[in-house]
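Residue numbers start from 1 in every chain, and the chains themselves are labelled A, B, ... in the order their sequence lines are given, proteins ahead of strands.
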Amino acid sequence: MNAVLIALLVLPLLGAALTLAPVFGADPATADRRALTFNTAVSGLVFLLTVALAAGFDHDEPARMQATTDLSWIPALDVRLHLGVDGVSLPLIVLTSLLTLLCAGYSQRRLPGGEGVPSARAFVGLFLLLETGMLATFAVLDLILFFLAFEIVLIPMYFLIARWGSGRKVPAANRFILYTLLGSAVMLLGFLLIGTKAGTFDMQALANAHGNGLSHTTQVTAGLAIMIGLAVKAPAWPLHSWLPDAHTAAPTVGSVLLAGVLLKMGTYGLVRVLLPIVPDGSATLAPYLGAFAAVGIVYGSLACLALARPGAKGDLKRLIAYSSVGHMGFVLLGIASLTPVGVNGALFANIAHGLITGLLFFVVGALKDRYGTADLDTLAGATGAALYGRAPRLGALLAFAAVASLGLPGLAGFWGELLAMFGAFDPAAGLSRPAFVTYMVLAGLGTLLTAAYLLIVVRRVCMGDPAQPAAAADLPDLRRYEAVSWTPLAALTLLAGLWPALLLGLSEPAVQHLLGGG
Amino acid sequence: MPAAQLATTLGPQLSSHLTGQPTVTSLAVADPGGLIQSVDWVAVAPPLIAALAGLAVLLADLFLPERRKKLLGRFAVAGLALAVAALLPLTGGTPRSTFCLQDVQGTAGCSYVADHFALVFQLLALGGALIAALLSVHTVDEAKLPGGEYWFLLLSSASGAALLPAARDLATLVVALEVASLPAFALVALRRDGRGAEAALKFFLSSVTATAVMLLGVAFVYAATGSLHLGVIADALPHAPAQLKPVAEAGAVLVLVGFAFKVAVVPFHFWVPDTYVGAPLPVAGYLSVVGKAAGLAGLALVTSIGFRAYGHSWGPVLAVLAALTMTAGNVAALRQRPDTEHGAVRLLAWSSVGQAGYLLVPIAAAGYRPGPDALGATAAYGLIYGVVNLGAFAVAAVVGRSTGNRLDDYRGLFATRRWTALALAFFLLCLAGLPPGVIGLFGKVVVFRAAVDAGLGWLAVVMAANVVIALFYYLVWTAKLFAPGPAAAPAAAGAGAPAVRLPVSLTATVALTAAAAVVLSVLPQLVLQVAGGSLF
């Protein structure tokens, strides 16, 4: 089992290194084609490994760290190669490998090309490096390694946005990397403070100590630094402003991975590091986190409503990015409640958001390819884009994703947000109940606004008069490779909605353990 | 070390005279044979080999016919490699010391100690000089620099820089610092155009001023404590008579100023960009690594051994200087325009000022938390910085050969010189401290840790902000490498002519530094072990 987990991290790294070697042939076109196939093969293999990992995972004891490896790497810094998965990280690892596989398959057919875009080999190298970083973030159990993994994703994502993106891509990519790096540098200071005071960087040992040996001041200072760093990544209002630009400029696969995985690294860090390692600090900071989360929920949905208005020149990708701010607000609210219910809800919402927003970005990316723009006004024309009439399958999928995103019961979006609000309704002992009930009410308002803007989007994009002149002359319906890469997401959205116990059963004991209750 | 010897012998007399205690004449030595020192030649081998090689090159230059002058460079490189190899026998066992004095009270003061601190900084100085020498081999040929002089100056300066970290008395420190610096002025001036002369003059005037100030400081410290040996000074300072306290404190400050200049700490950093641009490129690389290493080693020695007792006062001063230095360097680097002549070298110059700020952080931290542990962070970061910065200079030399050294000249380098571009990208990311430049990241982690350990939270936050500023300019440069080439027309013209073959020495330098950086990224323990424990 632990070999599987190691292979999971080493395989994409080796793959990335291999793209530097001249192994794909001399002819550029052939080499590019082979590299993209190679990408899919490696990602597929990694996905199979995660499936094996999930199958070999002892589901009776999800709170226990499994498939662990603990090797000394840098004794001077007391950094250990400590890896392992539990019920919190397993779903995220599976989600990551699934999304990367789908993106790899999709990019095999649909890689942005054209003037000044680098070769596909460079894309594959960066893509596999990105996968290594994402998987490592969820698999490592050492604070310094966590920081390292957190940083690995920056350079590949920077280049994916800056070189394969569209529009104002370079400023957007700069903004992304500078914001995130500032956040993670501050987070590192928090880690080092903990390491200095507690004498170890081992996340498991620190979580088991549950804040023993760390003074309240240390906990609050370190907790604040860590929270700021992770909140930039999540992103929490008001540190979110890099996100809409990055999403708007990023290529489709970049957007999918950014929303589907990279944002989760922030919230995962909160659950894995902040809550168990500095519990007192978390308790002090939780009300503020909750407040920012609640504002984020309302702010995100209001921004979306403004973008969805006719005549607002709203970019559809930008709109989904803002909706992510809102959805991640629910996740943060659940975490801030410090209750098992809330944190479980947050973790569930995390996965659900990855599935649904991944799907949304895929569909919108396809629309952007077809229309040449994601501008809602151009798409909709006078009456609406009438996808139901022109490209019924595409329209149906968009509507499905939008409805899932607004939290329709029976689909994945529902449970997480409901549980997060439950958590806020009855927060952990010591937290101000009135404050959290207020946050819950705001979040409830947010769900209404979310429903409003998503329905507006569906009306303006899917409905309309098919007879009016279309913005795109040729509008092919769902292509085969699109169907292949999107169906798993839609199916899992349905499955997670109908059978939430699948995920909650995994995360519940682990969360209890992290919160110190079991 | 006659000066030091004399001073220590006379020391007790002078101090007792000043304090009015009964005088003991230390000239009456019980065992006259003890006056003849036995020198531990193995311990002094590294700087000695470099110095002897320098002399040998100078002599050989007189006798070699013109067409065989190329051999001089190879000889110099071999000499430096031998000097580096001479460090090996010293690594195991207890620290060796030599040039020791035994005075009447029985307190021993050694002028040369080859402990871990000395070895690490000697490795940095000699290794840096070795890479710089490799880099110089083709420059000397192509720029028609006078070979004998060039190699002699380089080796002399390297031997001074290697002597300095092992020196344990102020006189030897000053002598070593001057041996390291004086040849450097001449090296800068070797380029025979107006720029070289101007650069050398700037460098010379500011350096000489700093040396004069430092000598005054040494005199003050000597007056107050009666010794030049750092260990003795450390013991004497807390017990210095009250009326001499101001003298001692002023002396300490003045000595620090001298070293601060070599490290190019703010307000003494203005000479850096002009000097780097005016100097031959390998010399600029040499100054940015070896020159800094010498200054830092001296600073670390005087602060954490000699002036240990004043930690509460130089600690905060160094912390503020570190913050100012990194900010000034990084902001200036950020303001470099992509189309300035020699923009790349200027950027490296300013960024080296910024990096000097990071290197100062652990030394400042040592003032807050007595104990030499923090210094390991400076040593480790210095080694890492030395490898990747010289690597970046090597690539700058490669690019400078075919085109200019504006930042814009690096556009599309990946398309023409794939591996060179990848190496430079790796070096820059290491300097920025972002994966895949893992070793750069860990270097920063070590420095951050030193600051956090010492409770210097504000400095850590300032440094975090600086890391972000620095990332931006490094990243802009990195992105240029992979950007599409400078329009299609020149590309078509260039496509006909195959890329000019690089001299072997240049390729070797880039490959060596890149390989070292990659190996260190996989096995950071190799260099970080320096930061693990005490160096003394």
Check whether [X] gets within reach of chain B through its side chain, its backbone, both or neither, counting any heavy atom under 4.5 Å.
{"X": "A/L154", "answer": "side chain"}
{"X": "A/L188", "answer": "side chain"}
{"X": "A/F191", "answer": "neither"}

For chain A, find which of B/F482, B/F414, B/F442 contributes the most heavy-atom pairs closer than 4.5 angstrom.
->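 The answer is B/F442.
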Among B/L475, B/V461, B/V467, which residue forms the greatest number of heavy-atom pairs with chain A at distances under 4.5 Å?
->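 Of the candidates given, the most pairs with chain A belong to B/L475.
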Select one option (side chain, backbone, both, neither) describing which atoms of [X] are under 4.5 Å from chain A's heavy atoms.
{"X": "B/A451", "result": "neither"}
{"X": "B/L429", "result": "side chain"}
{"X": "B/L526", "result": "neither"}
{"X": "B/V527", "result": "neither"}
{"X": "B/L434", "result": "side chain"}

Residue of the set A/L126, A/L262, A/L129 for which side chain to side chain contact (heavy atoms under 4.5 Å, CB included) holds with A/M157 =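 Passing option: A/L262.
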When you measure from the side chain of A/E131 to the backbone N and O of A/T100, does any donor-acceptor pair fall under 3.5 Å?
-> no
Short question: side chain of A/W242, backbone of A/V232 - any donor-acceptor pair under 3.5 Å?
->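 At least one qualifying donor-acceptor pair exists.
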Residues of residues 11-30 of chain A contacting chain B, heavy-atom criterion under 4.5 Å, by residue number |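 Expected list: A/T19, A/L20.
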Would B/D453 and B/Y368 count as having a side-chain donor-acceptor pair, cut-off 3.5 Å?
->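 The criterion, which ignores hydrogens and geometry beyond distance, is not satisfied for B/Y368 and B/D453.
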Looking just at side-chain N and O atoms, do A/Y179 and A/K233 make a donor-acceptor pair shorter than 3.5 Å?
->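 There is no such pair between these side chains.
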side-chain contact (heavy atoms from CB on, under 4.5 Å) evaluation trace for A/L274 with A/M227 = CA-CA 7 Å; A/L274 193 71; A/M227 196 177 89; 4.2 Å; yes
Given the rule in the side-chain contact (heavy atoms from CB on, under 4.5 Å) test, do B/V320 and B/W458 qualify, once you have shown the distances and angles that lead to the verdict?
-> CA-CA 10 Å; B/V320 171; B/W458 67 269; 4.3 Å; yes
Which pair of non-hydrogen atoms, one from A/T137 and one from A/Y268, has the smallest distance, and what is that distance?
->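 That closest heavy-atom pairing would be O-CE2, 3.5 Å.
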Identify which one of A/W164, A/F38, A/F159 satisfies the ring pair (Phe, Tyr, Trp, His ring centres under 6.0 Å) criterion when paired with A/F123.
-> A/W164
On the 0 to 90° scale, with breaks at 30° and 60°, tag the B/Y385-B/Y381 ring pair as parallel, tilted or perpendicular.
-> parallel
Step through the shown structure and confirm whether more than 12 heavy atoms of other residues, nucleotides or ligands are within 6.0 Å of CZ on B/R337.
->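 Check fails, neighbour count at 12 or below.
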